[in-house]
2 protein chains.
Amino acid sequence: MPTPDVSPAAHLIAARGGRVTRARIAVLEILQDSPRSLNHDDVAARLAADGMPHDRVTLYRTLDWLVEQGLAHRIIGPDRARRFKAGGETRSQHAHFHCDRCGHVLCLESIRPEEQFALPAGYQPERAELVFHGTCADCGRQRGTKA
Amino acid sequence: MPTPDVSPAAHLIAARGGRVTRARIAVLEILQDSPRSLNHDDVAARLAADGMPHDRVTLYRTLDWLVEQGLAHRIIGPDRARRFKAGGETRSQHAHFHCDRCGHVLCLESIRPEEQFALPAGYQPERAELVFHGTCADCGRQRGTKA
DNA sequence: GCAACTAATGCAACATTGTAGCATTAGCCG
DNA sequence: CGGCTAATGCTACAATGTTGCATTAGTTGC
């Protein structure tokens, strides 16, 4: 059987024909471990916490590569910074929820906007992005909590 | 009757209690004249074309002021730049269409996403942003044209 | 295991978008 | 017209992302 000491993340990377570097494995695992999307700073902080700090540029390129390979996808946050999440585009159609209280971004994969709306004549949609803003389930429960 | 040589834009500005400056009038008229949203560069270019170039910072502040006063609203484009449009938030709920061909952003005021979706329990949406990506009616007609 | 090949990395410098501080200009009001 | 001060414009700066290039380190063939 295939060597079991190689992480699933490493397998995914190798399957794309890219080199299996520590940076890519670490970044992909960080994204996979997080239930919400992360920006560059978040990822950099976790890399540093794991004892493997990387250059800012490397991080940008690594994340771009993951997106290019379909191993992650990105959305633009309200602070005009990009946020990344593992798992590709989820068949290209799903909604997000931005929590205005804690700032987290979650994917609502059950909601598929494209199927629901009729656009004016002449418009040819290829992709729809539906983002809700409000309070997430976590923050709703702990109403008094700050952060 | 009230002096008819004052533009409607000037009236709107005066009604907010702000000073009626050439910059504000010009910027607001530019936004009102455009059927689609504009970024800072677009507005600056039109100001220059009208013979009244302004400082970049002034433009940022003028646009922020208009948003603050409810005379315009802004959205974040896919290039992480802000785009502005006259008319406030249109009752806070409407969709946008990003044309991937010409880069324009149009408002689809007839589509109101919030009314259509049921979120998972615990999520409290306050605002929904629905963005379609694809080809707009103009670009769809002139298929060969290179924008 | 070693050498070679080259993708990936890391550094420095730059680009774009947006902000802050402060002196000057110009609306507004009496 | 004169004074008050909001608005402007300049300079410098901050945050986010990109480019070029020398170095490092996966990978492959032997």
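Small disclaimer: the values here were computed from a predicted structure and weren't measured. By convention in this document, chain letters (A, B, ...) are assigned in the order of the sequence lines, proteins followed by strands, and residues within each chain are numbered from 1. Only heavy atoms go into these numbers, but all of them, side chains included; no hydrogens, no water, no symmetry mates.
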Between P of C:dA8 and CG of A:Leu59, the distance in whole Å: 15 Å
ILVMFWY cluster, B:Leu47 and B:Val20 together (side-chain gap under 4.5 Å): yes
Whole-Å distance separating the CG atom of A:Leu47 from the P atom of C:dG10: 10 Å
Hphob cluster co-occupancy, A:Leu31 + A:Trp65, side-chain heavy atoms under 4.5 angstrom: yes
Gap between atoms CD1 and C1', on B:Ile13 and D:dA7 respectively (whole Å): 12 Å
Cluster overlap A:Tyr60 with A:Leu38, hydrophobic side-chain contacts below 4.5 Å: no
A:Ile25 versus A:Ile13, closest heavy-atom pair with distance: N-CD1, 3.7 Å
Test item: A:Arg74 and A:Asp64 side chains (from C-beta on) under 4.5 Å apart, heavy atoms: yes
Interface residues of residues 26-34 of chain B with DNA chain C (non-hydrogen, below 4.0 angstrom): none
Phosphate contact (D:dT8 OP1 or OP2) by B:Thr62 side-chain N/O below 4.0 Å: yes
Distance, rounded to the nearest Å, where B:Arg16 contributes CZ and D:dA7 contributes C1': 19 Å
B/S/- contact track for nucleotides 16-26 of chain D, protein heavy atom under 4.0 Å: BBBBB----BB
For B:His40 against B:Leu59, the heavy-atom pair lying closest together: O-CD2, 3.5 Å
Taking every non-hydrogen atom, the tightest pair across B:Leu12 and B:Gln32: CD1-NE2, 3.5 Å
Interatomic spacing from CZ in A:Arg61 to CG in A:Leu66 - rounded to 0.5 Å: 14.0 Å
Interatomic distance, A:Leu63 CG vs C:dA8 C1' [rounded to whole Å]: 14 Å
Cluster check B:Val57, B:Val67: I/L/V/M/F/W/Y, side chain < 4.5 angstrom: no
Sub-4.5 Å side-chain heavy-atom contact between B:Val43 and B:His54: no
Upstream residue (5' side of DNA chain D) when A:Gly18 and B:Thr58 are each assigned their closest nucleotide: B:Thr58
Euclidean distance, atom CZ of residue B:Arg24 to atom P of C:dG27 [Å, nearest integer]: 11 Å
Length of the line joining B:His54:NE2 and D:dG9:P, which is rounded to integer Å: 5 Å
Ring centroid separation B:Phe84 to B:His73 under 6.0 Å: no
Five-pair end axes of the helix from C:dG1-D:dC30 to C:dG30-D:dC1, angle between them (10°): 40°
Nearest-Å distance for atom pair CE/C1', residues B:Met52 and C:dA26: 14 Å
